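Each remark here refers to the structure printed beneath this line.
Quick note on labels: first sequence line is chain A, next is B, and so on, each numbered from 1. Because only heavy atoms are used, hydrogens play no part in the values below, and waters and symmetry mates are left out as well, while side chains stay in. Nothing here was measured: the structure is a model prediction, and the numbers come from that model.
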Amino acid sequence: MSLKVLVGCKRVIDYAVKIRVRPDKLGVVTDGIKHSMNPFDEIAIEEAVRLKEKNIVKEVIAVSCGPTQAQETIRTALAMGADRGIHVEVPAKEMEKLEPLHVSKILAKLAEKEQAELVIVGKQAIDDDTNATAQMTAGILNWPQATFASKIEKKDDFLEVIREIDGGLETIKVKLPAVVSADLRLNEPRYATLPNIMKAKKKKIEKMKPADLGVDTTPHFEVIEVTDPPAREAGIKVEDVDTLLLKLKEVGRI
Amino acid sequence: QSTLVIAEHDNKNVALITLNAITAAKKLGGDVSCLVAGSNCANVVNELSKAAGVNKILIADSEALVGFLPECLAPVVLAIHNQFKFTHIVAGASAQSKSLLPRVAAKLDVSPISDIIEVKAPDTFVRSIYAGNALMTLKSKDPVKVITVRGTNFEAASLEGGNTSSEDVAVTDLPVGLSAFIGQELSKSDRPELTAAKTVISGGRGMKSGENFQLLYTLADKLSAAVGASRAAVDAGFVPNDMQVGQTGKIVAPELYIAVGISGAIQHLAGMKDSKTIVAINKDPEAPIFQVADFGLVADLFKAVPEMIEKL
């Protein structure tokens, strides 16, 4: 069996950018800010491309929900080796209110439409930090899930997956079709080479809207407020180890 | 209004984070029920029956639940929910519950609320976004709130004084053959668990090698501390990922956190900045870790740590 794989890739504020809360306190400043592909989704794309290089996968489809700029994220995925892209257009204003549940419904619909046998996404997006899209996509499809994967191996019609859990590792197997969420150590994503970036420009990106897939994106949440976290008061510098130990004794920590 | 807490356990003992989740559940108001699902988990039920403030324990005991696979646990939770119609389903934000609860939420067609740090009202919660660089207060409009709770932000409920009755629930109609548990390899250590330790010592890229972490283990043994690491140290291959403290690793809030050779990247601070006392040892006086440290020592860690070991 040669698989068709759907990979979710989210456009997020670049991990190195300092986050600033918007004056209206309903979100963070995104205008004019550098965005990149969610780092965990890069790992997801890389894994799909590696599976293709091993002839386990026949086609890698990169999906991104978001405004026009989400196409840049898809182009990055295509330059890394994905075969084609699907851009589910969600205007910037609505994107702020798009919840992982909606994205899961979109991915589930696309998996059915494309007859994909595997969905891979990053374990969480570094903007909302929710960590739920893989689990919900699997739930909606009634497929098994392998979350926080650090190693994937295909054996017959199932995947054997090593997962990162609290306190160690766990090995499970899931029957295909399945949903996998990528953890940090699954692989190290490649950099797209210039020839591959050029090639990616010729690859096809299909455009659609959530409504085209019959997905209702009415928010389930109302954002009341977004604020800065409480600042921690800067402490003091100590001269040497003796002073450090003395101070720690004074506050009763040792 | 009523809440179901999904207890996490290893079929022997209840996990500490479940006790934090029970405290959060009590803050929601209304009855609190606990689900203990597993195989041969009588001792867990016994322990939990002593938890104060729990009204009922529901037991789903079946061989089919070996390995706590979400494909099997989710139908169990949904069947119980159908029977009792809870307004809230709550669990600690552990690897296991983070796998399970969103799957349950999707089945109920509700948006899960991950990793809350505060309960403002039964429908309003605070959670951190962007690795703790902003806090979001959100109101859920869903009829059932499916919530995971950050353990370090809620006190653990006491396992004394309660005397809760329990009842068995039927475990039927589980999917067959979707997934299987093969095995676990837990890191063996005599030191306390990272998220439960009163003192945590973490090393960063400045440790230079995995072997040099031995320095931190020696110091940890003097202080009965757990040892963690920054993502940089994990990425460099010094130590395994389950030691990672940070946004993409474990969130810790011990009484004392000692950061050794850690610069203090945003993603690391997100995992430890709620610690009560923070010590930073770094030779770079400009390292951002000093901005959150109560006590900063600008020094070569390879001199300072051995000196600490000697003087403790």
Heavy-atom side-chain contact between [X] and [Y] under 4.5 Å:
| X | Y | value |
| --- | --- | --- |
| B/L135 | A/P230 | yes |
| A/F221 | B/I113 | yes |
| A/L184 | B/Q244 | yes |
| B/Y130 | A/D127 | yes |
| B/D109 | A/M136 | no |
| B/M308 | A/L245 | yes |

Contact part of [X] toward chain A, heavy-atom cut-off under 4.5 Å: side chain, backbone, both or neither?
| X | value |
| --- | --- |
| B/A299 | neither |
| B/D123 | neither |
| B/E185 | both |
| B/V305 | neither |
| B/V104 | neither |
| B/K222 | neither |
| B/N241 | both |
| B/P240 | both |
| B/L186 | both |
| B/A304 | both |

For [Y], does its backbone N or O pair with a side-chain atom of [X] as donor and acceptor, under 3.5 Å?
| X | Y | value |
| --- | --- | --- |
| A/K123 | B/T248 | yes |
| B/D294 | A/G235 | no |
| A/Q145 | B/S99 | yes |

Exercise for review: Assess whether side-chain contact (heavy atoms from CB on, under 4.5 Å) is satisfied between B/V110 and A/L101, documenting all intermediate values.
Suggested key: CA-CA 7 Å; B/V110 303; A/L101 179 64; 5.7 Å; no
Practice item. In plain terms, say whether A/D128 and B/R127 are close enough for a salt bridge, that is, a side-chain N and a carboxylate O under 4.0 Å apart. Key: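 Salt bridge flag = no for B/R127 with A/D128.
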Review point. Are B/K98 and A/D166 within salt-bridge range, i.e. N to O under 4.0 Å?
Key: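 Salt bridge between B/K98 and A/D166, a charged N being under 4.0 Å from a carboxylate O: no.
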What option among [options] has the most heavy-atom pairs under 4.5 Å with chain B?
| options | answer |
| --- | --- |
| A/Q124, A/E170, A/K18 | A/E170 |
| A/T243, A/D228, A/L248, A/V251 | A/L248 |
| A/T147, A/T227, A/L26 | A/T227 |
| A/P39, A/G167, A/A132 | A/G167 |
| A/L169, A/V28, A/V12, A/T171 | A/T171 |

Rounded to the nearest 0.5 Å, how far does [atom2] of [Y] lie from [atom1] of [X]?
| X | Y | atom1 | atom2 | value |
| --- | --- | --- | --- | --- |
| A/E225 | B/T124 | CD | OG1 | 11.5 Å |
| B/I278 | A/R232 | CD1 | CZ | 3.5 Å |
| A/E99 | B/L138 | CD | CG | 8.5 Å |
| A/N131 | B/S114 | CG | OG | 6.5 Å |
| A/K173 | B/S179 | NZ | OG | 10.0 Å |
| A/Q135 | B/L101 | CD | CG | 10.0 Å |

Name the member of [options] that forms the most heavy-atom pairs with chain A at distances under 4.5 Å.
| options | value |
| --- | --- |
| B/R103, B/E71, B/K303 | B/R103 |
| B/V298, B/L69, B/L178, B/D274 | B/L178 |
| B/A105, B/G183, B/A265 | B/G183 |
| B/K276, B/Q184, B/K198, B/M243 | B/Q184 |
| B/I129, B/L194, B/L312 | B/I129 |

Exercise for review: Take A/R185 and B/V234, measure what side-chain contact (heavy atoms from CB on, under 4.5 Å) needs, and give me the verdict at the end.
Suggested key: CA-CA 9 Å; A/R185 292 199 299 179; B/V234 171; 4.3 Å; yes
Practice item. Could you check A/L244 against B/V279 for side-chain contact (heavy atoms from CB on, under 4.5 Å), going step by step and ending with a plain yes or no? Key: CA-CA 9 Å; A/L244 174 62; B/V279 170; 3.8 Å; yes
Is chain B contacted by the side chain of [X], its backbone, both, or neither, given a heavy-atom distance below 4.5 Å?
| X | result |
| --- | --- |
| A/F40 | side chain |
| A/S104 | neither |
| A/I254 | side chain |
| A/I13 | side chain |
| A/N142 | both |
| A/V238 | both |
| A/E188 | neither |
| A/V241 | both |
| A/P229 | both |

For the residue pair [X] and [Y], what are the closest heavy atoms and their distance?
| X | Y | value |
| --- | --- | --- |
| A/V21 | B/A134 | CG2-CB, 4.1 Å |
| B/E255 | A/R253 | O-NE, 3.2 Å |
| B/A95 | A/R163 | O-NH2, 4.5 Å |
| B/N133 | A/I19 | CB-CB, 4.0 Å |

Residue [X] excluded, over 12 heavy atoms near [atom1] under 6.0 Å:
| X | atom1 | value |
| --- | --- | --- |
| A/R22 | CZ | yes |
| A/E233 | CD | no |
| A/D24 | CG | yes |
| A/K25 | NZ | no |
| B/K273 | NZ | yes |
| A/K151 | NZ | no |

